[in-house]
Amino acid sequence: MSALQRMLEEFASLGAGVGAARQAAARSLQNRGLPGRAEENWRHANLRALDRIQSFLPPVASATATSGSAAAGGALTAPDLPPPLPGFLRLVLVDGQVRSDLGSAPGTLPGLAVGSAERRPTAVTETAVAQTTALAAPSDERLGLIATLFAPAALTLRVSKPLSLEIISLTSPGTGASYLDLALSVDAGVSCHLVERHLGGGAAGSFACVRLDLVLATSATLVHQRLLAVDQQMVLFDNLHARVQERASYRLQQIAVGGGTARSTAEVQLQGRDAALDWQALAAGSGRQVNDTMLTVLHQAAGTRSEQLFRAIASEQAHIACNADTRVSAQARGAKVAQSLRGLVDGVGAELDLRPQLTINTDDIQARHGATTGRLDDDLLFYLLSRGLGPDEARALLHWAFLGEVLKSIEPVALRRDAQRLAAARLSAAPAPELLQ
Amino acid sequence: MSTPVLQVDDLRVSVAGTPVLRGVSLTVPAGEVHAIMGPNGSGKSTLAHVLAGRPGYQVTGGSARFDGADLLAMAPEERARAGLFLGFQYPVEIPGVNNAYLLKAALNARRRHRGEPDIDAFDFLNAVRAQMRTMQMDEGLLTRGVNEGFSGGEKKRNEVLQMLVMEPRLALLDETDSGLDIDALKIVGRGINSLRSPERSVVLVTHYQRLLDYVIPDRVHVLARGRILRSGDRELALELERRGYDWLLEEQSAA
């Protein structure tokens, strides 16, 4: 039985009352099928991992489960979680269910609604594609649909005043699968700081799936940091879709170090005039990790700006890929695009595939892009050796400096330290402790 | 007679199968400053880099001893920890590694090698600041990436700063004067002179004698065609300045 068939059968077993959005997701998956490696944008993803997942159902599968239950991951306590970030509200989900005993209760979080799976605009991405047919946008939310199918509670959050929020999504030990399905909108002129951590792990082949839909209204600001750090035994698929409206600004910093198999699919639509994206992503893998990142940026209005920076280190036999596809429509006059993808291979069996793509349909644009893959520069290495640093220390220092382009600007400091610690754990030689600050 | 700091005997080096050094012999006693001059492509930088342990060179014969120890058997970092410093002609930029961190890591590597404890952070900063004043460098450079965005002159001064902080037993300075204006040249010369002591030695690799106006060498050697063709005192450098290198090459050809 294929993974898709098994998935749909499990979904059917949930019975009546699962909601229209879930049914639509099931239909969409059935019609479109799961992605395959024959598709260009999926050729580096380890989709075979889907076949190894025993069950897609979360441990407490319910179409109506909402919040407050301590059933999921009941043994977990707050000390198991990272220390709270100063000034941030915290929302904790264990196996997809809100755990108010571990974080803020939903009622204390203004604008949060739990269980409203119908809130998602139908086929958001398809609508966007229709608007930009000339661009032939490769939008693909198929794996995100899995989260919509099985998430015990879809979450919507409307941010109408400044908010700093930390969301921790945890897969409890021994769990087969966990899902997060969140739609977040930031009202006009409002600033939001969102920290999103994906942690934990279950048995080999357990599965975490995330769907995140974001809307930034006019002049809204969103700083969004994602630490994708599930256990190395896990399969992690996440799907992010953001719509950025006029003069709104979206800064996304993503640290992808977790999961034996991980695929991160993001699409950002710069829909309004002068909308801006600052995307910084770091991927570090060791062992036999497979980490695939797909970013699509659609410049759809005049004066839009995007800066895209990807840094990766593949150690041992890890395979890291990044496909950054930027499309500038004819309406996006005066757009600015800067794309820099760089990776270091640090293992005989390690592999890196970086694919910058830029499609421009207007003459009035400033664009630059570059991609480099290679090993550490021998000149840099010798310089440090000539100053008395040992080979391991020198290599670690250079790796750390390389990743520092993404790590150094993460705020708050406590989060940066966590991100540094996670990244350091994936390197073949650990950086000196005093660098982790 | 005491052991020289550096003793090179009949050193032969190839790069990708092509001989570059064809039997270089050189003795640098403690406390002396030696200048190695020569035309482009003569092997001056190769000599400096081979002595510092840069990979990519094949030593096909001869020996090099540093304080009596077999230099060529040591890894590059071991040479540095033992007190050999190479000042680069083209210092690399290392974004993300700040100057202060590298200086401290380098100094502590040397101290540990000598069995000394790591330097106290306060003492380190005081020492570095004092040397930065000698080199007329802005303290803000300490927190910047190594040579990141530095001008050519700042990079060279940073090399000399590293040398002063490391207090090496032997400094090999590879064309540290190249690309410097006259003021920067004086500052670099002052830095090098401040290192001079009866325990330390300096080998200056240079094209021109102008640096030798500020750092008076004890010996001058002319390296050409992979060999030391002539050695002398400062007068030799002045003669080279007047006459160039051709007469020496012609003399050698005739011989």
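Order of the sequence lines fixes the chain letters, A, B, ..., with proteins taken first and strands second; residue numbering starts at 1 for each chain.
In this structure, the side chains of A:Asp379 and B:Phe88 stay at 4.5 Å or more apart for every pair of heavy atoms. Inter-residue side-chain proximity for B:Val146 and A:Tyr383 is flagged as met; some heavy-atom pair is nearer than 4.5 Å. Looking at B:Val97 and A:Trp400, their side chains never come closer than 4.5 Å, going by heavy atoms from C-beta outward.
A distance of 4.0 Å separates CG in A:Leu384 from CD1 in B:Ile94, rounded to the nearest 0.5 Å. For the atom pair B:Met166 CE and A:Ser386 OG, the distance stands at 8.0 Å (nearest 0.5 Å).
Environment of CZ in A:Arg368: sparse, with no more than 12 heavy atoms of neighbouring residues, nucleotides or ligands closer than 6.0 Å. In A:Arg288, the CZ atom is not crowded: 12 or fewer heavy atoms of neighbouring residues, nucleotides or ligands sit closer than 6.0 Å. The number of heavy-atom neighbours closer than 6.0 Å to CZ of B:Phe124, taken from other residues, nucleotides and ligands shown, is above 12.
Residues B:Pro95 and A:Ala401 share a closest heavy-atom pair of O-CB, 3.3 Å. Here the closest non-hydrogen pair linking A:Phe382 and B:Pro76 is CE1-CB, 4.0 Å. Listed here is the closest heavy atom pair of B:Glu77 and A:Pro391: OE2-CD, 3.3 Å. What you find for A:Gly388 and B:Ala80 is that their closest heavy atoms are N-CB, 3.4 Å.
For A:Leu381, no part lies under 4.5 angstrom from a heavy atom of chain B. Residue B:Glu78: no heavy atom, backbone or side chain, is found under 4.5 Å from chain A. In this structure, no portion of B:Tyr90 lies under 4.5 Å from any heavy atom of chain A. In this structure, chain B has a heavy atom under 4.5 Å from the side chain of A:Glu393, while its backbone stays farther away. Contacts between B:Arg54 and chain A at a heavy-atom distance below 4.5 Å involve backbone atoms as well as side-chain atoms.
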*asked:* Using the rule given for salt bridge (charged side-chain N to carboxylate O under 4.0 Å, His left out), can you reason through B:Glu159 versus A:Arg387, listing the C-alpha separation, both sets of side-chain angles and the distance that settles it, and then say yes or no?
replied: CA-CA 11 Å; B:Glu159 291 292 286; A:Arg387 297 304 182 248; 2.8 Å; yes
*Given B:Val92 and A:Asp377, is the side chain to side chain contact (heavy atoms under 4.5 Å, CB included) satisfied, shown in steps?*
CA-CA 10 Å; B:Val92 295; A:Asp377 186 324; over 6 Å; no
